[in-house]
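Labels below follow one simple rule: chain letters A, B, ... track the order of the sequence lines, proteins then strands, and each chain is numbered from 1.
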Amino acid sequence: MHDLFAITALGGSSPQTDRVGNVTCTESPGVALASVAARSGQEPKARTALGALIGADAPSVGRFAGNPVMAFWTGPDQWMVAAPFDTHEELAHLANTQLGDTASVCEQTDAWVRFDLDGDDVLAVMELLCVLDCRKMQAGEAARTAIHHLGCFVICRSSGAFSLYGPRSSAGSLHHAIVAAMKSAL
Amino acid sequence: MRYSGFKVIKEALTGHKGWKPVWRDPEPKPHYDIVIIGGGGHGLATAHYLAKIYGHRNIAVIEKGWIGGGNVGRNTTIVRSNYLLDGNEPFYEFSLKLWEGLEQDVNYNAMVSQRGIINLIHSDAQRDAFTRRGNAMILNGADAELLDAEQVRKEYPFLNFNDARFPIKGGLAQRRGGTVRHDAVAWGYARSADGFGADIIQNCEVTGFRIEDGKCLGVETSKGFIGAGKVGCAVAGNSGRLMGMAGMRLPIESHVLQAFVSEGLKPVLPGVITFGAGHFYVSQSDKGGLVFGGDLDGYNSYAQRGNLPVVEDVCEGGMALMPMIGRARLLRMWGGIMDMSMDGSPIIDRTDIDGLYFNGGWCYGGFKATPASGHCFAHLLARDEPHPTATAYRFDRFRTGRMIDEKGMGNQPNLH
Amino acid sequence: MIINHPLLGSRDSSEFVYLGDASLIDRPDWQAEHAAEAFYDYAYLRDNPAGEHRELWFHEGGDRSWLVVTRNTVTHEISKVELARDVARAQGRSK
Amino acid sequence: MTQINRLSGGQIDRATTLNFRFDNRSYTAHPGDTLASALLANGVRLMGRSFKYHRPRGVLTAGSEEPNAIVELRTGNRQEPNTRATTTEMFDGLEAHSQNRWPSLKFDALAINDQFSKFLSAGFYYKTFMWPAAFWEKLYEPMIRRAAGLGSLSMQEDPDEYDKGFRHCDLLIIGAGPSGLMAALTAGRAGADVILADEDFTLGGRLNSETFSLGDETAANWAGQMVAELSALPNVRLMPRTTVIGAFDHGIYGAVERTGDHLATLPAGKPRQILWRIYSKRALLCAGATERPIAFENNDRPGVMLASALRTYANRFASSAAQRAAIFTNNDDGHRTAADLHAKGVKIVAVVDIRPDAPINYEYEVLAGAQIVDTKGRLGLTFAEVKLSDGSTRTLDCGALGVSGGWNPNVHLTCHQRGRPAWNSDLAAFVPGADLPPGLSVAGAASGLMSTHAALQSGTEEAAQVLELKGSLPDLPDAEDAPVSQTPFWYVQGCARAWLDQQNDVTVKDVKLSHQEGFRSVEHLKRYTTLGMATDQGKTSNMGGLALMAELAGKSIPDTGTTIFRPPYTPVPIGTFAGRMKGQAFHPTRLTPSHYWAKERGAVFVEVGNWLRAQWFPLPGETHWRESVDREVRQTRASVGVCDCTTLGKIDVQGTDAADFLNRIYCNGFAKLAVGKTRYGLMLREDGITMDDGTAGRLAEDHFVVTTTTANAVKVYQHMEFVRQCLFPDMDVQLISTTEAWAQYAVAGPNSRKLLRKIVDPEFDISNEGFPFMACGNITVCGGLRARLFRISFSGELAFEIAVPSRYGDALMRRLMSEGEEFDVVPYGTEALGVMRIEKGHAAGNELNGTTTALNLGMGRMVSKKKDSIGSTLSEREGLNEDDALKMVGIKPVNTGDQITAGGHLMGASGPVDAAHDQGYVTSAAFSPSLDSHIGLGFLKSGDTRLGEKMRLVSPLTDLTVEVEIVSAHFVDPEGERLRA
């Protein structure tokens, strides 16, 4: 086991939590990520193999599925696979093994920072952050959009619960935008 | 009629009865030596110089709407000659010199105001690039001055020196740059050309060219056929549309550029300021409005209007640069059609069709070029050879690989 | 503007990056007889129509698809949106 | 001061008294007041000065169309110029000042302009100030600039926050008057997702200003009940204080919500305003109509107002401009004002109606067939002179004069996409034309339906139609349904100084002069006279000017046309459009994985695009950045240095066609690159100019990692996706950016291998034989952490780049530092990085400036002619391959100690110094500690054949001329022995 200590995207040794009104924003470093892109001509096989990996049908456009290993759709025949970091730090390796030559797999764990937004009034915060019609988003939907000039994935876990994946190097800027929106809206 | 302070006083005392129309409103003649399509700044300037410098009298400017209704009437009024490349700098410096004598040349006060322009520097690489440019300007006989951050702060203390995301590290100033009252440029040239006998024909739309055996004989218009020894096209954003009638495809795309003006304010900005780390430039008009703009919307458009993302982008730049304008109100936004060329530089050239000449591809730099563009186009039309300051503005430069690409963006017009 | 993405539905144009005329798909054959002239035409000359225009947009802030959008340059009305990859294949482009 | 002109009733809360100040005098008001209504109630009619003649100005309207009553609101860094008193909601402690006057509002020195008005005719400045030429800029223009402008900015940073947001709806209803409320009710009850926005702080529109009934309720009460019902519907969102400012493409509307302007102070974290982008499937414009004035001699005095505004002030705000009022009208609506004022106890001196058949009234005098021909009163109206139907004149003693010239539908938003309004001759007004923005419909007075009943009905019907509702619609209350027909009457004959545009001082005679001089197109009229260019954009003035021009030109009004309606509907603070993107939040900040560590080390940071990178790491005692940088370079070249190079773009390229793909992307060959090897690649644009450079490492047969320069990472990725999807759609290749996933550090210097040996797990051979120059591979470090190792060198030294998952980057950097102590390891920043790459002659951003070719860079032979790659064909054009083409060279001063300036130009050793003799330029320069000399890189015509030549480096901009020698660009270790060691 290696002996290098990890820091969170916000630079702390433990994740940061902010609360305004009834909405909480939690930095969530405990997720491993890997991208999966089907090889040309292998798309059906890749979908099947991905389904096996996440224990559900490979998600269609704009959806996510699976637990504890889940995947969300990111593009035509492309997905992001996510799983708990503690148990799946080598997720890319696992995915690569399972998908074989049906897909190209690339580790993405530390390309992203994840913030979980929870609370009754979360929609009031989301409408200050992104152009998606979050009021209409249902549990199981995933979309990519821009938040304060940053390309982000927005995952709707349930009607009052969203996860935002943003570029890790800009975690501080994204966090600042989220908290400012919380203070403004709540 | 000569304009002067004396004349204004005399007219005031006699009830302003003596003022005549600034230009006549003639019907087209059947034939002219030279017909210029486009009653904008460039077309009207071409007529003025054709008459005044090259002695042509039997000429006409035809305009589909009202003169000065295109980009000369909707730009941000900045004049400067701070260019880098050999193909450009002598031309724009020639233009700036013509601006300096414009009022006396046309006897019309277009309010040429050499209040100075500064391009701000935010990184070492930018300073290197501006140094090269400033040197090129001086080597071409223009003026340039490199300022450090402290000098910029002294002149523009209200810029963001506190918590700027991209701190100001200096600036390249051109003191002779400035602004000109844009509408008055069109009117002044129109009045002068008209005075020499040129016909300015408004509400006359070109519907086609009459081309026989590879020679252009004149133009079909909404007021009938008008014959011409030579036809010069100076229609900016409509270049593609017009030259398409002659069967030509151009190295040009038409894009929308938005511009903005605030409510009138007491003077706050001494000169023209260009942000180097965002899409924003600004000056203050003599009436007090902050006149500002930024980047193209980015998509091909003939709509003369844009959309919110760019409005926001420009205002973000403004607030990042000078957060004191936060409470000034944006009064009006509008758009113009920019004839964006493939290397960001213009074309003043003959076409493959005998007797048909082209002036366009000005991108969003057409206003400052107005006098030199008119002068050089007049030269080309009169002498059939390019003016010495405009020899590089040829169609064939793209075929031969001699692009004049100030920004180094290549063949993608919306990046220039 | 709103671009009706063939997979994702209505998306704000600010998520996209614009390139230009969709004729940029028609890259000439480098070994053709007049390749130099063909590339000059391809890279530099444009129809630049006032009206319907087929053009390339990249969904940078979305699924990273290149799209061919048919849009009127006078009214900005969008009449058709296709995946550029499908268009390219339909035009015979392959490897 | 007491509220001497406060009337009874109204929608103000008398239980609460608010204090406010205007021009340093204290007054009182009540919640529900605007600044204008409160000033009127306090007997203040004079509120401003006009733009050109500095004429006294009072309030003209009761809404956002106000041209006259504009003030500087608030103080200090919140001072807000040109604020309409008519829409400024009263709060306790409000402070406002009049503007454009000196020394005071009552005694304004520049009012002298009014005496010289005949010399200051429209456009006079175009005809004079030309002699002597130098005087324009020295004397005339500064004078004009000082006099121009209205309010002033504080010159201080705006302290308030602004937000932006996004809302979606099925139906956006713009305006909450009778038609908007009914539309919202209809759509809301049907379950549609509705947004109802109105610029006012009280919804209801004109209903709040009227005394008539809707059903059994007063108009205002009915509106209140509707608002209550709508508030209870979960699918209806009410947005008061929200102006829809523009109709943009595809159903997107801009709207500005004033969330904080009615508060004395903003709560922490709350925005002053929010810019909403509203994405509507359909929209319904219910913006009502604006009353228009009639022009007559001296019609601009404080106290002369629109009749409907007088009525609004009386009914809604319980205030009046004076106790004695007259009305001047050409229509029945003016009489309604008279009746309402009369009922409130205001003395109606007379109703002057131009129509011979004006309705008769027994409570006050109606002068039928009469016209107002002049007014008196220096700072406010005292008398109005009437010309009676028999030709005699009479003087009316009044402090208020309500003027009604009919109503103009508020068509603005219908024209925001270049549509033109249509002329309706019954109304003598423009109504929405046929070419509306797609998805927009119009109801109520905005569509030309002027009666209350018609407004209610059209609101319901339009909502039902756009939503395709079937079944029963809400019942309409009984409401007035008076037929409206307007006989146009624009100005009183024989007047000269009759104001059309009251703010910009454009009078009837100015329009006549404009016509006389040939400025007859409406656009010329506007630009020549400035008609309609003031802060109100001519909402009350354009129509009059246009009608006059039509008459002068002998054309109809519709043939004369209108100027173009442009967003925003009312002016919007620039700060609102910027939102949070200012200061440090202007752009996102990207931090490198070693950022926190570098900060602890006291690094100086520099912005590189959105990245913050360590520029150098000063040590105690170092007083100049050069000391730090020189040390970092020396120590790296002597032993080992570490630099965070995470910012370089990294693109993961996989697929069975990955190698072929790279062969197309790069001008040099990649097909034969062995697994476990890295190669330098040069990427061209299709036009043959260099786009970017970097390396590609082959991790497996079907797997590469491509690096790009920091600046071009995004552009290169887009380009690669374009090539993949649009040009070669059947290639089996997949791309994804991994820039952020890996913390990547350059470890450079003769001891770099020794240092890495302590980090890299022992099973991996990193010896020169086991891991030679340009090798790459997956490894593990520190006991099993997955990592990547590349043996590449930017510095010219023996060097590696090592990458670990970003979260471990901080720890890896600390480990490298601690393990490197024995080698005297040094962290180095971007400056030292730059110095070393210049010493080595590597091109970077300054050389890859978008105009340079492979040939210019000395890499012309890399462009393979044996394969198709992007840019290869056009790179062969003659102009890019001339005999004397620029070539990259090194530049050294002849006299040691002389400085090389980047941006300097290269001239021959003798001869003239000018553009004609320019032979090249310096792109990059640095002090080289290795050579103990300044050095530079640059481009020189035929440079490769001129090594050893002496030239002059000139930089007139920085007043510098240096004798230089042209040398090879590879200053350090030209043979490349070190990096292969």
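Taking the side chain as every heavy atom from C-beta outward, D:Q654 and D:D702 never approach each other to under 4.5 Å. Side-chain contact between A:L33 and A:M80 is present, with heavy atoms from C-beta onward closer than 4.5 Å. When side chains are defined from C-beta on, A:C25 does not count as touching A:T17, because their heavy atoms never get closer than 4.5 Å. Considering only heavy atoms from C-beta on, A:V122 comes within 4.5 Å of A:F162 through its side chain. Side-chain contact between A:I147 and A:L174 is present, with at least one heavy-atom pair separated by less than 4.5 Å.
Residue contact with chain D, scored on non-hydrogen atoms closer than 4.5 Å, involves the backbone of A:A9 exclusively. Contacts between A:C134 and chain D at a heavy-atom distance below 4.5 Å are absent for every atom of the residue. Contact of A:L10 with chain D is made through the backbone alone, with heavy-atom distances under 4.5 Å. In this structure, chain A has heavy atoms under 4.5 Å from both the backbone and the side chain of D:Y808. Contact of D:I736 with chain A is made through the side chain alone, with heavy-atom distances under 4.5 Å. Contact of A:A38 with chain D is made through the backbone alone, with heavy-atom distances under 4.5 Å. Heavy atoms of D:R277 lying under 4.5 Å from chain A are absent altogether. Both the backbone and the side chain of D:T656 have a heavy atom closer than 4.5 Å to some heavy atom of chain A. In this structure, chain D has a heavy atom under 4.5 Å from the backbone of A:L129, while its side chain stays farther away. Of the two parts of A:V105, only the backbone, made up of N, CA, C and O, holds a non-hydrogen atom closer than 4.5 Å to a non-hydrogen atom of chain D. Heavy atoms of A:A185 lying under 4.5 Å from chain D belong exclusively to its backbone. Contact of D:F586 with chain A is made through the backbone alone, with heavy-atom distances under 4.5 Å. Only the side chain of A:E90 comes within less than 4.5 Å of a heavy atom of chain D; its backbone N, CA, C and O stay farther away.
Residues A:S104 and D:Q734 share a closest heavy-atom pair of OG-OE1, 2.6 Å. Smallest separation of non-hydrogen atoms from A:Y165 and A:A82: OH-CB, 4.2 Å.
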Fill in: Residues D:T592, D:W611; criterion side-chain contact (heavy atoms from CB on, under 4.5 Å); working and verdict
CA-CA 7 Å; D:T592 65; D:W611 289 98; 3.9 Å; yes
Fill in: Chi angles and distances behind the side-chain hydrogen bond (donor to acceptor under 3.5 Å, both in side chains) call for D:T646, D:Q744
CA-CA 5 Å; D:T646 303; D:Q744 191 151 326; over 6 Å; no
Practice prompt. Test A:W112 against D:E740 for side-chain contact (heavy atoms from CB on, under 4.5 Å), laying out the working first.
Written response: CA-CA 7 Å; A:W112 302 93; D:E740 317 237 340; over 6 Å; no
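Counting heavy-atom pairs closer than 4.5 Å to chain D, the top residue among A:A177, A:C106, A:A37 is A:C106. Note: D:S806 leads D:S737, D:S806, D:P267 in heavy-atom pairs under 4.5 Å with chain A. If you tally non-hydrogen atom pairs under 4.5 Å between each of D:R814, D:M731, D:R237 and chain A, the highest count goes to D:R237. Taking chain D as the reference chain and counting heavy-atom pairs below 4.5 Å, the highest number among A:S169, A:S173, A:S40 is found for A:S169. Contact count against chain D (heavy-atom pairs under 4.5 Å) is highest for A:E89 among A:E89, A:M182, A:H149, A:H93. By number of non-hydrogen pairs under 4.5 angstrom with chain D, the leading residue of A:K136, A:R135, A:K183 is A:R135. Note: D:C782 leads D:C782, D:A811, D:A268 in heavy-atom pairs under 4.5 Å with chain A. Counting heavy-atom pairs closer than 4.5 Å to chain D, the top residue among A:L132, A:V131, A:I7, A:L128 is A:V131. Between chain A and the residues D:H703, D:R815, D:H595, D:Q584, the most heavy-atom pairs under 4.5 angstrom are made by D:R815.
Ion pair D:E161/D:K270 not flagged as a salt bridge, since none of the NZ, NE, NH1 or NH2 atoms sits closer than 4.0 Å to an Asp/Glu carboxylate oxygen.
When the options D:K650, D:R788, D:R786 are evaluated for a salt bridge (charged side-chain N to carboxylate O under 4.0 Å, His left out) with A:E107, the one that passes is D:R786.
In this structure, D:H168 and D:Y279 have parallel ring planes: the angle between them is below the 30° cut-off, well short of the 60° mark.
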